Amino acid sequence: MNPALEAIWNAIASIPRGQITTYGDVARMAGLPGHARQTAYALRNMPEGMNLPWHRVLGAGGKIVFPKGSKHYREQARRLRSDGVVVKDGKASRELMVNVDQY
DNA sequence: GAACTGACTGTAA
DNA sequence: ATTACAGCCAGTT
């Protein structure tokens, strides 16, 4: 298959609950620096069955890349909050998750 | 192989 | 804060 995509999927799967990252970071984790868009491609074309925490992947600065109010946008925001991540005005923050982890 | 495309990113106005 | 634009790079036309 495509080893690059598998590396990316693998990297995403390794993101701990309550933690967030960016497209560029995922690419770097997968050993593909500068391939942020490849991460996007991998997410877009990910198989149905594999339950990846795709919602923990955000754009640079921790912001949701989908158009605000779009279906995907709401979905991602919901999942993030479900992870204990604070989402404010399209941007996700890890600040409160520290507290969550402590309890 | 050229042209386009995009769940990206950083810089500039 | 918002918008435009130019790099970016693999995949698809």
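Just the heavy atoms: all of them, side chains too, but no hydrogens, waters or symmetry mates, feed the values below. Numbers restart at 1 for each chain; the letters A, B, ... are given by sequence-line order, proteins then strands. Just so you know, these numbers come straight off a predicted model, no measurement behind them.
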Next item on the list: Quickly work out the A:Arg79 CZ to B:dA7 C1' distance and round it to whole Å.
Entry: 14 Å
Check: Pairs counted as Watson-Crick or G-U wobble with both distances under 3.5 Å: what dot-bracket string results for DNA chain B, using | for bases tied to another strand?
Finding: .|||||.||||||
Notebook entry, point to check: Could you give the CD1-to-P distance, from A:Ile64 to B:dT9, as a whole number of Å?
Noted result: 14 Å
Next item on the list: Mind calculating the distance between CZ (A:Phe66) and C1' (B:dG6) to the nearest angstrom?
Entry: 12 Å
Notebook entry, point to check: Does A:His72 make a side-chain N or O approach to OP1 or OP2 of B:dA7 shorter than 4.0 Å?
Noted result: no
Note to self: By nearest atom, which of the nucleotides B:dG10, C:dC9, B:dC8 is closest to the A:Ala40 side chain?
What the structure shows: B:dC8
Item checked: OP1 or OP2 of C:dA10 under 4.0 Å from side-chain N/O of A:Arg37 -> no
Check: Does A:Glu75 pair with A:Lys71 as a salt bridge, N-O distance under 4.0 Å?
Finding: no
Notebook entry, point to check: How far apart are the closest heavy atoms of A:Gly59 and A:Thr22, and which atoms are they?
Noted result: O-CG2, 3.6 Å
Next item on the list: Ignoring the backbone of A:Ala36, work out which of C:dA10, B:dA7, B:dC8 is nearest its side chain.
Entry: B:dC8
Check: Starting at CH2 of A:Trp54 and ending at P of B:dA7, how long is that distance when rounded to a whole Å?
Finding: 13 Å
Checklist line | NZ/NE/NH1/NH2 to OD/OE distance under 4.0 Å, A:Lys68 and A:Asp89 | finding: yes
Item checked: Closest non-hydrogen atom pair, A:Gln76 against A:His55 -> NE2-O, 3.0 Å
Next item on the list: On the 0 to 90° scale, with breaks at 30° and 60°, tag the A:His72-A:Phe66 ring pair as parallel, tilted or perpendicular.
Entry: parallel
Checklist line | First of A:Asp89 and A:Tyr41 reached from the 5' end of DNA chain C, by closest nucleotide | finding: A:Asp89
Margin query: Rounding to an integer number of Å, can you tell me how far A:Leu43 CG sits from C:dC9 P?
Written below: 19 Å
Check: Looking only at heavy atoms, which two atoms of A:Ala77 and A:Val87 are closest? And how far apart?
Finding: O-CG2, 4.1 Å
Margin query: In this structure, how many angstroms lie between the C1' atom of B:dA7 and the CG atom of A:Leu5, rounded?
Written below: 14 Å
Margin query: Taking the nucleotide of DNA chain B with the nearest heavy atom to each, does A:Gln38 or A:Leu58 sit closer to the 5' end?
Written below: A:Gln38
Margin query: From CD1 of A:Ile8 over to P of B:dA7, roughly how many Å is that when rounded to an integer?
Written below: 14 Å
Notebook entry, point to check: Given A:Met29, which of A:Thr39, A:Asn10, A:Thr21 fulfils the side chain to side chain contact (heavy atoms under 4.5 Å, CB included) condition?
Noted result: A:Thr21
Margin query: Heavy atoms only, 4.0 Å cut-off, all strands: where does A:Asn2 land among base, sugar-phosphate and nothing?
Written below: sugar-phosphate
Notebook entry, point to check: Starting at CZ of A:Arg44 and ending at C1' of C:dT12, how long is that distance when rounded to a whole Å?
Noted result: 12 Å
